[in-house]
Amino acid sequence: MNSVLVLDTSTSICAVAIYQNQNLLSTICLHQPNVHSEKAALLIDQVLNISKIPVQQLTHLAIAKGPGSYTGLRIGFALLKSMSYALKIPILGFSTLLGQAQSFVPIAQQMKYPILSCLDAGRNEVYAAFIDNQGNLLHDLGACVLPHPDIKKILTTHSTLIIGNGANKILEHHPSPPYKYLLFPYIENPIANLGYLLEKKIAYQEYQNLITFEPDYIKPVHITISKK
Amino acid sequence: MAFLILAIETSCDDTSVAILCDKVILANVVSSQLDHSQYGGVVPELASRKHLVNLQIVLEQALYQAQISLIDIDAIAFTQGPGLLGSLLVGINYAKGLSIALQKPLIAVNHMEAHILAHWIDYTPELPFLCLTVSGGHTCLTLVQKNPLNHQVIGRTLDDAAGEAFDKIAKLLGLPYPGGPFIDKYAQQGQPIYNFPKPQIPNYDFSFSGFKTYIKNFVNNFSAEQVQQELPNLCCSIQNAIVNILIDKFFKAIQDLKPKSVGIAGGVSANSTLRKKVQELGNTLQIPTYIPKFEYCTDNAAMIGITGYYKLLSQNFGDLGTVPYAR
(Lines give C-alpha, C1' and ligand atoms only; values in the text may rest on other atoms or scores of the structure.)
Protein backbone atom coordinates (compact mmCIF):
# COMPACT_ATOMS: atom_id res chain seq x y z
CA MET A 1 0.00 0.00 0.00
CA ASN A 2 1.27 3.47 -0.89
CA SER A 3 1.21 6.25 1.67
CA VAL A 4 2.01 9.57 0.05
CA LEU A 5 2.62 12.86 1.87
CA VAL A 6 1.76 15.81 -0.39
CA LEU A 7 2.82 19.42 0.20
CA ASP A 8 1.91 22.61 -1.67
CA THR A 9 3.57 25.83 -0.48
CA SER A 10 3.72 27.46 -3.90
CA THR A 11 0.90 29.99 -3.42
CA SER A 12 -0.59 31.92 -0.50
CA ILE A 13 -2.30 28.64 0.43
CA CYS A 14 -0.25 26.23 2.54
CA ALA A 15 -1.64 22.72 2.09
CA VAL A 16 -0.61 19.25 3.24
CA ALA A 17 -2.33 15.94 2.57
CA ILE A 18 -1.84 12.22 2.96
CA TYR A 19 -3.06 9.80 0.30
CA GLN A 20 -3.31 6.07 0.67
CA ASN A 21 -3.29 4.55 -2.77
CA GLN A 22 -5.75 6.76 -4.67
CA ASN A 23 -7.65 7.97 -1.65
CA LEU A 24 -7.29 11.15 0.30
CA LEU A 25 -6.82 10.14 3.91
CA SER A 26 -6.50 13.58 5.49
CA THR A 27 -5.63 17.11 4.54
CA ILE A 28 -5.01 20.46 6.21
CA CYS A 29 -5.18 23.68 4.25
CA LEU A 30 -4.28 27.14 5.47
CA HIS A 31 -5.39 30.22 3.53
CA GLN A 32 -2.93 32.71 4.96
CA PRO A 33 -0.10 34.44 3.15
CA ASN A 34 3.42 34.78 4.60
CA VAL A 35 3.11 32.11 7.29
CA HIS A 36 4.50 29.13 5.38
CA SER A 37 7.90 29.44 7.03
CA GLU A 38 6.31 29.06 10.45
CA LYS A 39 3.47 26.68 9.62
CA ALA A 40 4.52 24.26 6.87
CA ALA A 41 6.54 21.92 9.10
CA LEU A 42 3.90 22.08 11.84
CA LEU A 43 1.17 21.14 9.34
CA ILE A 44 3.18 18.13 8.15
CA ASP A 45 3.54 17.02 11.75
CA GLN A 46 -0.19 17.54 12.35
CA VAL A 47 -1.38 15.71 9.25
CA LEU A 48 0.77 12.71 10.20
CA ASN A 49 -0.71 12.78 13.69
CA ILE A 50 -4.36 12.97 12.63
CA SER A 51 -3.79 10.28 10.00
CA LYS A 52 -2.22 8.10 12.71
CA ILE A 53 0.56 7.25 10.25
CA PRO A 54 4.07 7.01 11.71
CA VAL A 55 6.45 8.99 9.51
CA GLN A 56 8.48 5.81 8.80
CA GLN A 57 5.43 4.29 7.08
CA LEU A 58 5.36 6.91 4.31
CA THR A 59 6.30 5.40 0.95
CA HIS A 60 6.43 8.53 -1.22
CA LEU A 61 6.60 12.31 -0.98
CA ALA A 62 5.05 14.68 -3.51
CA ILE A 63 5.43 18.41 -3.92
CA ALA A 64 3.90 21.21 -6.00
CA LYS A 65 7.02 22.25 -7.90
CA GLY A 66 5.74 25.60 -9.16
CA PRO A 67 5.27 27.95 -10.77
CA GLY A 68 4.56 30.14 -7.77
CA SER A 69 6.12 32.08 -4.93
CA TYR A 70 9.90 31.54 -4.87
CA THR A 71 10.05 31.74 -1.11
CA GLY A 72 7.13 29.38 -0.66
CA LEU A 73 8.59 26.88 -3.10
CA ARG A 74 11.96 26.87 -1.37
CA ILE A 75 10.37 26.24 2.02
CA GLY A 76 8.52 23.22 0.64
CA PHE A 77 11.49 21.87 -1.28
CA ALA A 78 13.90 22.15 1.65
CA LEU A 79 11.42 20.33 3.91
CA LEU A 80 10.63 17.47 1.55
CA LYS A 81 14.16 17.01 0.20
CA SER A 82 15.55 16.40 3.67
CA MET A 83 12.61 14.14 4.56
CA SER A 84 13.15 12.16 1.37
CA TYR A 85 16.85 11.75 2.16
CA ALA A 86 16.35 10.82 5.82
CA LEU A 87 13.45 8.41 5.16
CA LYS A 88 15.05 7.00 1.99
CA ILE A 89 11.82 7.33 0.02
CA PRO A 90 11.34 8.83 -3.45
CA ILE A 91 10.02 12.31 -4.14
CA LEU A 92 7.58 13.27 -6.92
CA GLY A 93 6.97 16.72 -8.36
CA PHE A 94 3.80 17.97 -9.98
CA SER A 95 2.99 21.31 -11.58
CA THR A 96 1.08 23.68 -9.30
CA LEU A 97 -1.16 24.56 -12.27
CA LEU A 98 -1.91 20.92 -13.07
CA GLY A 99 -2.45 20.10 -9.38
CA GLN A 100 -5.03 22.83 -8.74
CA ALA A 101 -6.86 21.90 -11.97
CA GLN A 102 -7.53 18.32 -10.77
CA SER A 103 -10.39 19.47 -8.51
CA PHE A 104 -12.26 20.77 -11.58
CA VAL A 105 -11.97 17.66 -13.75
CA PRO A 106 -15.50 16.39 -12.92
CA ILE A 107 -17.08 19.67 -14.09
CA ALA A 108 -14.77 19.81 -17.11
CA GLN A 109 -15.81 16.29 -18.08
CA GLN A 110 -19.49 17.08 -17.65
CA MET A 111 -19.30 20.34 -19.62
CA LYS A 112 -16.73 18.97 -22.09
CA TYR A 113 -14.72 22.17 -21.52
CA PRO A 114 -10.92 22.19 -21.34
CA ILE A 115 -9.29 23.99 -18.39
CA LEU A 116 -7.20 27.14 -18.45
CA SER A 117 -5.37 26.97 -15.11
CA CYS A 118 -3.63 30.13 -13.98
CA LEU A 119 -1.87 31.85 -11.10
CA ASP A 120 -1.39 35.56 -10.52
CA ALA A 121 2.28 36.38 -11.14
CA GLY A 122 2.14 40.05 -10.16
CA ARG A 123 1.72 43.16 -12.31
CA ASN A 124 -0.02 42.21 -15.59
CA GLU A 125 1.37 38.68 -15.65
CA VAL A 126 -0.02 35.21 -14.99
CA TYR A 127 1.45 31.73 -15.05
CA ALA A 128 -0.86 29.57 -17.16
CA ALA A 129 -1.34 26.04 -18.46
CA PHE A 130 -3.93 24.61 -20.85
CA ILE A 131 -5.34 21.29 -19.62
CA ASP A 132 -7.83 18.88 -21.25
CA ASN A 133 -11.12 17.89 -19.62
CA GLN A 134 -9.54 14.68 -18.27
CA GLY A 135 -6.94 16.66 -16.32
CA ASN A 136 -3.97 16.06 -18.64
CA LEU A 137 -1.58 18.82 -19.62
CA LEU A 138 -2.03 20.02 -23.22
CA HIS A 139 0.18 23.06 -23.29
CA ASP A 140 2.32 24.78 -20.66
CA LEU A 141 2.11 28.50 -21.40
CA GLY A 142 4.68 29.55 -18.78
CA ALA A 143 4.72 33.19 -17.70
CA CYS A 144 2.29 35.22 -19.84
CA VAL A 145 2.27 39.00 -20.06
CA LEU A 146 -1.38 39.98 -20.58
CA PRO A 147 -2.97 40.34 -23.07
CA HIS A 148 -1.30 37.22 -24.45
CA PRO A 149 -1.70 35.73 -27.98
CA ASP A 150 -1.83 32.06 -26.80
CA ILE A 151 -4.50 32.86 -24.20
CA LYS A 152 -6.44 34.89 -26.76
CA LYS A 153 -6.33 31.93 -29.15
CA ILE A 154 -7.63 29.54 -26.50
CA LEU A 155 -10.46 31.87 -25.48
CA THR A 156 -11.50 32.53 -29.10
CA THR A 157 -11.56 28.85 -30.11
CA HIS A 158 -12.89 27.01 -27.02
CA SER A 159 -15.44 27.17 -24.28
CA THR A 160 -13.21 26.99 -21.20
CA LEU A 161 -13.09 26.64 -17.45
CA ILE A 162 -10.81 29.42 -16.26
CA ILE A 163 -9.49 28.52 -12.82
CA GLY A 164 -7.02 29.91 -10.32
CA ASN A 165 -6.29 33.26 -8.72
CA GLY A 166 -5.25 34.84 -12.04
CA ALA A 167 -8.62 34.09 -13.68
CA ASN A 168 -10.13 37.54 -13.14
CA LYS A 169 -7.00 39.18 -14.44
CA ILE A 170 -7.17 37.12 -17.65
CA LEU A 171 -10.74 38.28 -18.26
CA GLU A 172 -9.82 41.91 -17.58
CA HIS A 173 -7.26 41.73 -20.37
CA HIS A 174 -9.34 39.52 -22.67
CA PRO A 175 -12.85 40.93 -22.15
CA SER A 176 -16.01 39.25 -23.51
CA PRO A 177 -14.59 36.12 -25.15
CA PRO A 178 -16.88 34.83 -27.95
CA TYR A 179 -17.30 31.35 -26.42
CA LYS A 180 -18.85 30.40 -23.12
CA TYR A 181 -16.64 30.22 -20.08
CA LEU A 182 -16.90 29.35 -16.42
CA LEU A 183 -14.80 31.24 -13.93
CA PHE A 184 -13.39 29.71 -10.73
CA PRO A 185 -10.89 32.15 -9.27
CA TYR A 186 -11.08 30.66 -5.78
CA ILE A 187 -9.37 27.35 -5.01
CA GLU A 188 -10.44 25.77 -1.74
CA ASN A 189 -7.67 23.17 -1.47
CA PRO A 190 -5.23 22.73 -4.39
CA ILE A 191 -4.15 19.22 -3.39
CA ALA A 192 -7.46 17.63 -2.38
CA ASN A 193 -8.04 15.70 -5.62
CA LEU A 194 -4.65 14.36 -6.66
CA GLY A 195 -5.36 10.62 -6.40
CA TYR A 196 -5.34 9.99 -10.14
CA LEU A 197 -2.31 12.22 -10.82
CA LEU A 198 -0.23 10.65 -8.03
CA GLU A 199 -1.12 7.10 -9.04
CA LYS A 200 -0.02 7.81 -12.59
CA LYS A 201 3.28 9.34 -11.46
CA ILE A 202 4.00 6.45 -9.11
CA ALA A 203 3.15 3.91 -11.82
CA TYR A 204 5.59 5.59 -14.20
CA GLN A 205 8.12 6.05 -11.36
CA GLU A 206 8.56 9.73 -12.17
CA TYR A 207 10.93 10.11 -9.24
CA GLN A 208 13.17 13.14 -8.95
CA ASN A 209 16.91 13.25 -8.39
CA LEU A 210 17.35 14.58 -4.86
CA ILE A 211 20.34 16.77 -5.71
CA THR A 212 19.19 18.33 -8.97
CA PHE A 213 15.48 18.62 -8.14
CA GLU A 214 14.66 22.33 -8.07
CA PRO A 215 11.44 24.36 -8.15
CA ASP A 216 10.03 25.45 -11.49
CA TYR A 217 11.07 29.08 -11.09
CA ILE A 218 10.12 29.76 -14.76
CA LYS A 219 12.31 32.84 -14.72
CA PRO A 220 16.09 33.06 -14.20
CA VAL A 221 17.41 35.38 -11.47
CA HIS A 222 17.12 38.94 -12.74
CA ILE A 223 20.33 40.75 -11.83
CA THR A 224 21.14 44.29 -12.81
CA ILE A 225 24.80 45.23 -12.60
CA SER A 226 25.56 48.43 -10.72
CA LYS A 227 26.77 51.23 -12.99
CA LYS A 228 28.47 53.07 -10.11
CA MET B 1 27.22 9.30 26.77
CA ALA B 2 28.41 11.32 23.83
CA PHE B 3 26.04 13.34 21.67
CA LEU B 4 26.15 13.43 17.87
CA ILE B 5 25.10 16.83 16.57
CA LEU B 6 24.38 17.75 12.98
CA ALA B 7 24.79 21.47 12.26
CA ILE B 8 23.55 23.45 9.25
CA GLU B 9 24.67 26.99 8.34
CA THR B 10 23.13 28.84 5.37
CA SER B 11 22.99 32.45 6.54
CA CYS B 12 24.68 34.10 3.56
CA ASP B 13 26.40 32.63 0.50
CA ASP B 14 28.27 29.67 2.06
CA THR B 15 26.51 26.33 2.46
CA SER B 16 27.97 24.42 5.38
CA VAL B 17 27.22 21.23 7.31
CA ALA B 18 29.20 19.99 10.31
CA ILE B 19 28.98 16.89 12.46
CA LEU B 20 30.17 16.96 16.05
CA CYS B 21 30.60 14.27 18.65
CA ASP B 22 30.23 16.44 21.75
CA LYS B 23 32.89 19.12 21.21
CA VAL B 24 34.89 17.15 18.65
CA ILE B 25 34.48 18.16 15.00
CA LEU B 26 34.06 15.02 12.91
CA ALA B 27 33.31 16.95 9.71
CA ASN B 28 33.00 20.60 8.74
CA VAL B 29 32.18 20.89 5.02
CA VAL B 30 31.82 24.36 3.48
CA SER B 31 30.74 24.98 -0.11
CA SER B 32 31.26 28.56 -1.26
CA GLN B 33 29.23 30.13 -4.03
CA LEU B 34 31.73 31.83 -6.30
CA ASP B 35 29.02 33.04 -8.71
CA HIS B 36 28.47 36.26 -6.77
CA SER B 37 31.86 37.91 -7.36
CA GLN B 38 30.93 39.00 -10.88
CA TYR B 39 28.03 41.05 -9.47
CA GLY B 40 30.09 42.88 -6.84
CA GLY B 41 28.16 41.43 -3.90
CA VAL B 42 25.94 38.56 -2.81
CA VAL B 43 22.72 38.30 -4.86
CA PRO B 44 20.15 37.00 -2.33
CA GLU B 45 17.87 35.20 -4.81
CA LEU B 46 20.82 33.47 -6.45
CA ALA B 47 22.24 32.49 -3.05
CA SER B 48 19.04 30.82 -1.87
CA ARG B 49 18.59 28.93 -5.15
CA LYS B 50 22.14 27.58 -4.81
CA HIS B 51 21.65 26.56 -1.16
CA LEU B 52 18.73 24.37 -2.15
CA VAL B 53 20.96 22.38 -4.50
CA ASN B 54 24.22 22.50 -2.51
CA LEU B 55 22.82 21.58 0.89
CA GLN B 56 22.01 18.03 -0.18
CA ILE B 57 25.54 17.51 -1.56
CA VAL B 58 27.26 19.12 1.42
CA LEU B 59 25.26 17.00 3.89
CA GLU B 60 26.13 13.77 2.09
CA GLN B 61 29.80 14.80 2.02
CA ALA B 62 29.80 15.62 5.75
CA LEU B 63 28.21 12.26 6.64
CA TYR B 64 30.76 10.50 4.47
CA GLN B 65 33.71 12.33 6.05
CA ALA B 66 32.44 11.70 9.57
CA GLN B 67 31.56 8.08 8.75
CA ILE B 68 28.23 8.60 10.48
CA SER B 69 24.81 7.42 9.47
CA LEU B 70 22.05 10.03 9.61
CA ILE B 71 19.98 7.80 11.86
CA ASP B 72 22.56 8.06 14.69
CA ILE B 73 22.26 11.86 14.95
CA ASP B 74 20.95 13.04 18.35
CA ALA B 75 20.04 16.64 17.52
CA ILE B 76 19.96 19.06 14.58
CA ALA B 77 21.36 22.57 15.07
CA PHE B 78 20.76 25.29 12.51
CA THR B 79 21.36 29.03 12.01
CA GLN B 80 18.18 30.95 12.81
CA GLY B 81 19.66 34.40 12.07
CA PRO B 82 20.84 37.02 11.50
CA GLY B 83 21.43 36.69 7.77
CA LEU B 84 19.70 36.71 4.40
CA LEU B 85 16.11 35.53 4.93
CA GLY B 86 15.93 33.54 1.69
CA SER B 87 19.14 31.70 2.54
CA LEU B 88 18.19 31.08 6.17
CA LEU B 89 14.80 29.66 5.12
CA VAL B 90 16.43 26.88 3.11
CA GLY B 91 18.65 25.75 5.99
CA ILE B 92 15.90 26.02 8.61
CA ASN B 93 13.35 24.05 6.61
CA TYR B 94 15.90 21.45 5.63
CA ALA B 95 16.63 21.02 9.35
CA LYS B 96 12.90 20.80 10.14
CA GLY B 97 12.44 18.08 7.51
CA LEU B 98 15.25 16.08 9.11
CA SER B 99 13.71 16.63 12.54
CA ILE B 100 10.33 15.29 11.39
CA ALA B 101 11.85 12.31 9.59
CA LEU B 102 14.37 11.35 12.29
CA GLN B 103 12.18 12.43 15.25
CA LYS B 104 15.11 14.27 16.76
CA PRO B 105 15.09 17.71 18.45
CA LEU B 106 16.02 20.98 16.76
CA ILE B 107 18.37 23.58 18.19
CA ALA B 108 18.12 27.17 16.88
CA VAL B 109 21.43 29.02 16.91
CA ASN B 110 22.19 32.74 16.63
CA HIS B 111 24.91 33.20 14.01
CA MET B 112 26.68 35.98 15.94
CA GLU B 113 26.76 33.99 19.18
CA ALA B 114 28.15 31.08 17.19
CA HIS B 115 31.06 33.18 15.88
CA ILE B 116 32.03 33.80 19.52
CA LEU B 117 31.45 30.19 20.58
CA ALA B 118 33.91 29.14 17.83
CA HIS B 119 36.61 29.77 20.46
CA TRP B 120 35.25 26.85 22.48
CA ILE B 121 36.01 24.36 19.70
CA ASP B 122 39.72 24.23 20.47
CA TYR B 123 39.97 26.17 23.74
CA THR B 124 38.08 26.94 26.92
CA PRO B 125 38.62 30.67 27.48
CA GLU B 126 38.43 31.83 31.08
CA LEU B 127 35.32 33.93 31.83
CA PRO B 128 34.51 36.76 31.63
CA PHE B 129 35.70 36.73 28.02
CA LEU B 130 35.63 39.84 25.82
CA CYS B 131 35.24 39.15 22.11
CA LEU B 132 35.60 41.51 19.16
CA THR B 133 33.43 40.11 16.36
CA VAL B 134 34.16 41.55 12.93
CA SER B 135 32.57 40.26 9.73
CA GLY B 136 31.04 41.43 6.47
CA GLY B 137 27.70 41.99 8.16
CA HIS B 138 28.56 42.73 11.80
CA THR B 139 30.95 44.54 14.10
CA CYS B 140 30.42 44.21 17.82
CA LEU B 141 32.05 43.84 21.21
CA THR B 142 30.54 41.11 23.35
CA LEU B 143 31.20 40.21 26.95
CA VAL B 144 30.70 36.52 27.75
CA GLN B 145 30.00 36.10 31.45
CA LYS B 146 29.10 33.23 33.79
CA ASN B 147 28.78 30.58 31.01
CA PRO B 148 29.62 30.31 27.28
CA LEU B 149 25.99 31.09 26.29
CA ASN B 150 25.66 34.18 28.48
CA HIS B 151 26.39 37.04 26.05
CA GLN B 152 26.11 40.77 26.59
CA VAL B 153 26.69 43.01 23.57
CA ILE B 154 28.41 46.13 24.92
CA GLY B 155 29.13 47.87 21.62
CA ARG B 156 28.11 47.57 18.00
CA THR B 157 28.42 49.39 14.69
CA LEU B 158 25.98 52.23 14.19
CA ASP B 159 26.05 51.87 10.39
CA ASP B 160 28.38 49.76 8.19
CA ALA B 161 30.21 46.68 9.43
CA ALA B 162 34.01 46.72 9.26
CA GLY B 163 34.04 43.97 6.63
CA GLU B 164 31.47 45.89 4.62
CA ALA B 165 33.74 48.97 4.79
CA PHE B 166 36.64 46.84 3.52
CA ASP B 167 34.56 45.48 0.63
CA LYS B 168 33.06 48.83 -0.36
CA ILE B 169 36.39 50.66 -0.23
CA ALA B 170 37.96 47.86 -2.29
CA LYS B 171 35.24 48.47 -4.87
CA LEU B 172 36.15 52.19 -4.94
CA LEU B 173 39.74 51.17 -5.62
CA GLY B 174 38.63 48.94 -8.48
CA LEU B 175 39.41 45.66 -6.67
CA PRO B 176 37.26 42.54 -7.19
CA TYR B 177 34.62 41.27 -4.73
CA PRO B 178 35.08 40.29 -1.92
CA GLY B 179 37.63 43.08 -1.53
CA GLY B 180 38.85 42.53 2.06
CA PRO B 181 41.42 39.83 1.20
CA PHE B 182 42.67 41.90 -1.78
CA ILE B 183 43.25 44.96 0.42
CA ASP B 184 45.12 42.70 2.83
CA LYS B 185 47.23 41.33 -0.04
CA TYR B 186 48.23 44.75 -1.45
CA ALA B 187 48.78 46.16 2.05
CA GLN B 188 51.65 43.69 2.56
CA GLN B 189 53.62 45.52 -0.16
CA GLY B 190 52.91 49.08 1.05
CA GLN B 191 53.55 51.51 3.88
CA PRO B 192 50.94 53.36 5.96
CA ILE B 193 51.98 56.76 4.59
CA TYR B 194 48.50 58.33 4.54
CA ASN B 195 46.70 59.50 7.66
CA PHE B 196 42.93 59.42 7.88
CA PRO B 197 40.73 60.95 10.61
CA LYS B 198 39.19 58.59 13.17
CA PRO B 199 35.43 58.58 13.76
CA GLN B 200 34.60 60.06 17.18
CA ILE B 201 31.91 57.71 18.47
CA PRO B 202 31.07 57.52 22.20
CA ASN B 203 31.16 54.35 24.36
CA TYR B 204 32.15 51.06 22.70
CA ASP B 205 30.21 51.63 19.46
CA PHE B 206 31.70 51.81 15.98
CA SER B 207 30.95 53.71 12.78
CA PHE B 208 32.46 53.20 9.34
CA SER B 209 30.18 55.04 6.92
CA GLY B 210 31.85 58.43 7.49
CA PHE B 211 35.26 56.86 7.10
CA LYS B 212 34.13 55.25 3.86
CA THR B 213 32.92 58.59 2.49
CA TYR B 214 36.21 60.23 3.51
CA ILE B 215 38.15 57.57 1.57
CA LYS B 216 35.84 58.03 -1.40
CA ASN B 217 36.54 61.77 -1.52
CA PHE B 218 40.22 61.17 -0.83
CA VAL B 219 40.56 58.70 -3.72
CA ASN B 220 38.68 61.07 -6.04
CA ASN B 221 41.71 63.39 -5.85
CA PHE B 222 43.75 60.67 -7.56
CA SER B 223 43.71 59.76 -11.25
CA ALA B 224 43.09 56.14 -12.20
CA GLU B 225 46.81 55.62 -12.89
CA GLN B 226 47.80 57.19 -9.58
CA VAL B 227 45.41 54.86 -7.74
CA GLN B 228 47.00 51.88 -9.48
CA GLN B 229 50.47 53.14 -8.65
CA GLU B 230 49.66 53.96 -5.04
CA LEU B 231 47.51 50.88 -4.44
CA PRO B 232 49.89 49.18 -1.96
CA ASN B 233 50.32 52.34 0.14
CA LEU B 234 46.61 53.18 -0.03
CA CYS B 235 45.60 49.65 0.98
CA CYS B 236 48.15 49.58 3.79
CA SER B 237 46.99 52.96 5.15
CA ILE B 238 43.30 52.07 4.90
CA GLN B 239 43.80 48.68 6.51
CA ASN B 240 45.78 50.23 9.34
CA ALA B 241 43.15 52.90 9.90
CA ILE B 242 40.24 50.40 10.07
CA VAL B 243 42.17 48.07 12.34
CA ASN B 244 43.15 50.97 14.62
CA ILE B 245 39.51 52.04 14.94
CA LEU B 246 38.70 48.48 16.07
CA ILE B 247 41.72 48.10 18.36
CA ASP B 248 41.14 51.46 20.11
CA LYS B 249 37.65 50.44 21.24
CA PHE B 250 38.82 46.94 22.12
CA PHE B 251 41.60 48.43 24.27
CA LYS B 252 39.18 50.82 25.97
CA ALA B 253 36.74 47.98 26.74
CA ILE B 254 39.48 45.71 28.11
CA GLN B 255 40.72 48.47 30.43
CA ASP B 256 37.23 49.32 31.67
CA LEU B 257 35.76 45.84 32.03
CA LYS B 258 38.88 43.85 32.96
CA PRO B 259 37.96 40.52 31.37
CA LYS B 260 40.03 37.41 32.24
CA SER B 261 40.59 36.59 28.53
CA VAL B 262 39.94 38.16 25.12
CA GLY B 263 39.51 37.03 21.50
CA ILE B 264 38.46 37.96 18.00
CA ALA B 265 35.87 36.26 15.79
CA GLY B 266 34.15 36.64 12.42
CA GLY B 267 35.35 36.68 8.82
CA VAL B 268 37.51 39.82 9.17
CA SER B 269 39.54 38.13 11.91
CA ALA B 270 41.27 36.44 8.96
CA ASN B 271 42.87 39.85 8.27
CA SER B 272 46.61 39.64 8.97
CA THR B 273 47.03 43.14 10.46
CA LEU B 274 44.05 42.65 12.80
CA ARG B 275 45.37 39.26 13.96
CA LYS B 276 48.82 40.74 14.58
CA LYS B 277 47.60 43.81 16.44
CA VAL B 278 45.19 41.85 18.65
CA GLN B 279 47.97 39.47 19.60
CA GLU B 280 50.26 42.46 20.38
CA LEU B 281 47.53 44.06 22.48
CA GLY B 282 47.09 40.83 24.43
CA ASN B 283 50.82 40.54 25.03
CA THR B 284 51.11 44.17 26.18
CA LEU B 285 48.20 43.86 28.61
CA GLN B 286 49.29 40.33 29.61
CA ILE B 287 45.87 38.82 29.06
CA PRO B 288 45.23 35.42 27.41
CA THR B 289 44.28 36.11 23.79
CA TYR B 290 42.44 33.64 21.58
CA ILE B 291 42.30 33.72 17.79
CA PRO B 292 40.35 30.82 16.26
CA LYS B 293 41.67 28.78 13.34
CA PHE B 294 40.97 30.38 9.99
CA GLU B 295 38.32 27.82 9.02
CA TYR B 296 36.34 28.64 12.17
CA CYS B 297 36.55 32.43 11.54
CA THR B 298 34.62 32.60 8.27
CA ASP B 299 31.05 31.27 8.07
CA ASN B 300 31.04 27.57 8.95
CA ALA B 301 28.75 25.01 10.53
CA ALA B 302 31.26 23.80 13.15
CA MET B 303 30.61 26.96 15.17
CA ILE B 304 26.85 26.34 14.86
CA GLY B 305 27.49 22.80 16.09
CA ILE B 306 29.52 23.84 19.13
CA THR B 307 26.83 26.37 20.09
CA GLY B 308 24.27 23.62 19.54
CA TYR B 309 26.25 21.40 21.88
CA TYR B 310 26.12 23.92 24.74
CA LYS B 311 22.43 24.59 24.08
CA LEU B 312 21.78 20.84 24.11
CA LEU B 313 23.48 20.56 27.51
CA SER B 314 21.15 23.27 28.82
CA GLN B 315 18.14 21.62 27.13
CA ASN B 316 17.49 24.75 25.08
CA PHE B 317 15.58 23.36 22.08
CA GLY B 318 13.79 24.93 19.11
CA ASP B 319 10.60 23.59 17.52
CA LEU B 320 8.95 23.08 14.14
CA GLY B 321 7.44 26.58 14.29
CA THR B 322 10.82 28.34 14.52
CA VAL B 323 11.14 31.21 12.03
CA PRO B 324 14.29 33.00 10.84
CA TYR B 325 15.21 36.59 11.59
CA ALA B 326 17.23 38.87 9.33
CA ARG B 327 18.79 41.00 12.07
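Here is how names work: the chains are called A, B, and so on, in the same order as the sequence lines, proteins then strands, and each is numbered from 1.
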Side chain, backbone, both or neither: which part of [X] has an atom under 4.5 Å from a heavy atom of chain A?
| X | value |
| --- | --- |
| B:Val43 | side chain |
| B:Leu55 | neither |
| B:Leu63 | side chain |
| B:Thr322 | backbone |

Ring geometry between [Y] and [X] (parallel below 30°, tilted from 30 to 60°, perpendicular above 60°):
| X | Y | answer |
| --- | --- | --- |
| A:Tyr70 | A:Tyr217 | perpendicular |
| B:Phe196 | B:Phe211 | perpendicular |
| B:Phe218 | B:Phe222 | tilted |

Check: Any side-chain heavy atom of B:Asn93 sitting closer than 4.5 Å to one from B:Phe78?
Finding: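 Contact flag for B:Asn93/B:Phe78 side chains = no.
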Next item on the list: Run the salt-bridge test on A:Glu125 and A:Lys219 with the 4.0 Å N-O cut-off and return the result as yes or no.
Entry: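 A salt bridge is present here (some side-chain N lies under 4.0 Å from a carboxylate O).
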Margin query: For the interface with chain B, which of A:Asp45, A:Val55, A:Leu58, A:Ile44 has the highest count of heavy-atom pairs at distances below 4.5 Å?
Written below: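 With the most close heavy-atom pairs to chain B, the winner is A:Val55.
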Note to self: Heavy-atom pairs under 4.5 Å with chain B - which of A:Lys39, A:Glu38, A:Met83, A:Arg74 has more of them than the others?
What the structure shows: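 Option with the greatest count: A:Arg74.
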Next item on the list: Go through the atoms of A:Ile75 and report whether side chain, backbone, both or neither lie under 4.5 Å from a heavy atom of chain B.
Entry: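 Interface part for A:Ile75: both.
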Note to self: Using heavy-atom distances under 4.5 Å, tell me whether A:Phe77 contacts chain B through its side chain, its backbone, both, or neither.
What the structure shows: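 Both the backbone and the side chain of A:Phe77 come within 4.5 Å of chain B.
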Item checked: Polar side chain donor-acceptor pair, B:Asp159 to B:Ser207, under 3.5 angstrom ->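 Distance-only check passes for B:Asp159 and B:Ser207.
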Check: Taking B:Gln56, B:Gln103, B:Glu60, B:Lys96 one by one, which has the highest count of heavy-atom pairs under 4.5 Å against chain A?
Finding: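 Highest number of heavy-atom pairs under 4.5 Å: B:Gln56.
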Margin query: Measuring centre to centre across the rings, with the benzene-like ring taken for any Trp, is B:Phe3 within less than 6.0 Å of B:Tyr309?
Written below: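 They do not qualify: ring centres at least 6.0 Å apart.
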